[in-house]
Protein chains: 2
Amino acid sequence: MVEHVAEHHHSLARELECVSGVPIFQQLAQPQLTSVAEVTRPIHAKKGQTVFRPDEVSQTLYIVNAGQVRLYHLADDGKERVLRVLNPGDFIGEIALFTDEIHSNYAEATQTTELCTISRDALTTLIQRMPPLALSLLSALAVRLKSAEHQATLLAIPDALPRLAGYLMDLSQGKATALTLPMSKQDLAAYLGMTPESLSRKLKQLVMAGAIVTSGRREIRVVDAAKLQALAPQ
Amino acid sequence: MVEHVAEHHHSLARELECVSGVPIFQQLAQPQLTSVAEVTRPIHAKKGQTVFRPDEVSQTLYIVNAGQVRLYHLADDGKERVLRVLNPGDFIGEIALFTDEIHSNYAEATQTTELCTISRDALTTLIQRMPPLALSLLSALAVRLKSAEHQATLLAIPDALPRLAGYLMDLSQGKATALTLPMSKQDLAAYLGMTPESLSRKLKQLVMAGAIVTSGRREIRVVDAAKLQALAPQ
DNA sequence: CGCCTAGTTGACAAGGCTCAACAGGCGTGG
DNA sequence: CCACGCCTGTTGAGCCTTGTCAACTAGGCG
């Protein structure tokens with residue numbers, strides 16, 4: 001589980017596929033996409049493999065193209081704190097673009113995953129040549145910033161139930177839909193700043209209240225958005 | 001240094017002063033600074049005044065030039081949750097640049113404050129004309145994102161003492177220095193996800209442990225960074 | 001089919017929140 | 001300039017929530 005990820009350097013086709021699937025580059029024209037593809041290196045990781053680990057000096061932007069990457073922090077009591085989960089289109093390493101970021105987190109593939117990597121120098125050059133790219137990067141960062149600050153306000157709530165309800169409201173976007181948890185329950189518990197035991201109990205409480213029903217390991221269906229809303233903060 | 005330009009565009013003097021003091025625009029050349037100043041509108045707020053309130057549709061970037069702005073959220077139990085405090089050079093409203101942001105927070109001046117405002121249209125135009133501006137905006141957003149995510153990891157810690165110790169470590173940057181709290185203790189308590197009572201007790205605990213000494217309302221001196229570090233998480 | 005991890009449930013203890021009363025600064029007005 | 005008053009911060013006591021530890025169940029993967 002500590003093996004190195006496989007790197008590939010071949011035709012541009014692969015890079016193009018990687019690049020064109022990513023929202024950040026979506027509105028670029030074909031020739032510009034090719035320029036981006038030229039400086040992109042795809043890497044692959046199988047389930048459980050580590051993409052990067054702490055203390056590596058990084059000057060690379062990682063963009064998830066397919067699969068899923070779990071970003072977590074290892075506390076010195078041995079507990080893993082999940083920071084977030086990267087799905088296709090998400091990226092990590094933006095700070096590496098401006099300072100020599102020393103990663104303090106682990107990135108681990110939770111399934112077979114393909115990532116695009118772009119070096120700092122290549123990306124800054126690209127940004128200066130393609131203003132639309134700068135705008136879409138800014139937009140992506142702004143969105144992430146908003147969600148990070150939102151999460152911070154959620155976590156500042158001392159009671160576990162509204163914290164969980166607020167999280168589920170975000171996931172379901174206020175509607176009574178079925179949804180799949182983006183991570184395991186123990187990871188979710190860490191993400192929400194509680195123990196797996198508490199998460200289990202609070203979920204049960206929501207089921208009892210008639211707000212949600214659970215089915216299977218990661219499936220949740222919101223049946224009464226109003227009840228959930230009433231338990232959520234704000 | 002502003003004088004020279006002021007002679008040519010006298011009406012811009014105020015805007016230039018506002019713009020040139022802001023880190024985001026710092027490395028722009030003089031003519032570019034003038035372009036920025038041309039689309040900037042300074043606004044002023046006295047202590048206690050509200051800069052904006054929730055449900056206002058905003059297409060504006062606010063940059064604090066002097067003074068301090070407190071950004072907070074009003075829960076429906078009437079309690080204020082401080083999201084962060086903006087000091088000179090900090091900005092807010094970046095999400096407004098990409099979507100019609102509906103502010104969910106209040107912004108209130110804690111002292112006599114001057115802000116620069118730039119409209120969405122003006123800023124996107126500027127970005128496309130000035131690649132370095134895009135880079136420095138990206139850099140600023142990345143830094144804020146990092147600190148927001150860091151705060152989220154802090155808040156996910158259930159025990160109040162390490163949470164506080166971690167916050168103080170961040171403020172003091174690991175050194176044994178004197179520091180001034182950027183906000184009142186009750187605001188800090190909300191920011192750290194605890195009650196003012198808990199904050200008071202935990203601070204006392206840190207003083208007892210010999211890690212810090214307090215003097216006055218907002219002054220804290222770290223006397224033993226190692227002790228503080230030992231109590232902080234990671 | 002069986003093992004191993006993820007998830008659940010229960011009992012207990014500890015920590016933080018709540019409520020309430022008190023002290024101490026700072027600004028305001030006399 | 002002083003005194004008063006208000007707001008900020010502190011201290012105390014009790015209860016409630018959540019973390020901890022432990023045992024148990026349920027899926028998933030080999």
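So you know, we letter chains A, B, ... as the sequences are listed, proteins then strands, and number each from 1.
As a whole-Å value, the separation of B:Leu231 CG from C:dG15 P is 14 Å. One atom, NZ of B:Lys46, and another, P of C:dG27, lie 18 Å apart when rounded to the nearest Å. Atom CZ of A:Arg218 and atom P of C:dG7 are 7 Å apart (whole Å). Following rounding to the nearest Å, A:Leu199 (CG) and C:dG7 (P) show an atom-to-atom distance of 9 Å. For the pair B:Arg163 CZ and C:dC17 C1', the interatomic distance rounds to 12 Å; values are reported in whole Å. Rounded to whole angstrom, the span from the CG atom of A:Leu155 across to the C1' atom of D:dT18 amounts to 15 Å. A straight line from NZ of A:Lys185 to P of D:dG27 spans 11 Å, rounded to a whole angstrom. Atom P of nucleotide C:dC17 and atom CD1 of A:Ile157 are separated by 13 Å, given to the nearest angstrom.
Annotation: of the two residues near DNA chain C, A:Met183 and A:Pro158, the 5′-most nearest-nucleotide partner is A:Met183. The nearest heavy atom of DNA chain D to A:Arg201 and to B:Lys204 marks one nucleotide each, and the one closer to the 5' end goes with B:Lys204. Comparing A:Ser198 and B:Gln205 along DNA chain C, the residue whose closest nucleotide (by nearest heavy atom) sits nearer the 5' end is A:Ser198.
Put simply, A:Lys202 has no side-chain N or O that comes within less than 4.0 Å of OP1 or OP2 on D:dT17. For B:Thr195, a side-chain nitrogen or oxygen approaches OP1 or OP2 of C:dC17 to under 4.0 Å.
Legend: salt bridge (charged side-chain N to carboxylate O under 4.0 Å, His left out) pairs involving residues 222-234 of chain A, not counting sequence neighbours, sorted by first then second residue: A:Asp224-A:Lys227.
End-to-end axis angle of the helix from C:dC1-D:dG30 to C:dG30-D:dC1, using five pairs per end and rounding to 10°, comes to 50°.
Using a 4.0 Å cut-off between charged side-chain N and carboxylate O, B:Glu108 and B:Lys47 make no salt bridge. The pair A:Glu149-B:Arg84 meets the salt-bridge criterion, since a charged nitrogen lies less than 4.0 angstrom from a carboxylate oxygen.
Side-chain atoms of B:Glu197 and base atoms of C:dC19 include a donor and an acceptor less than 3.5 Å apart.
The aromatic rings of B:Tyr62 and B:Phe52 sit tilted relative to each other, their planes meeting at an angle between 30° and 60°.
Between B:Val69 and B:Ala107, the shortest heavy-atom distance links the atoms CG1-CB, 3.9 Å.
Residue-level contact check: A:Lys47 touches neither bases nor backbone, having no heavy atom under 4.0 Å from any strand.
Candidate nucleotides D:dG9, D:dT10, D:dG27 were compared by shortest atom distance to the side chain of A:Arg217, and D:dG27 ranks first. Comparing C:dG25, D:dT18, C:dG15 by their closest approach to the side chain of B:Asp159 singles out C:dG15.
The line from CZ of A:Arg163 to CG of B:Leu155 is 9.5 Å long, rounded to the nearest 0.5 Å.
With sequence neighbours excluded, no residue forms a ring-ring contact (aromatic ring centres under 6.0 Å, His included) with B:Phe91.
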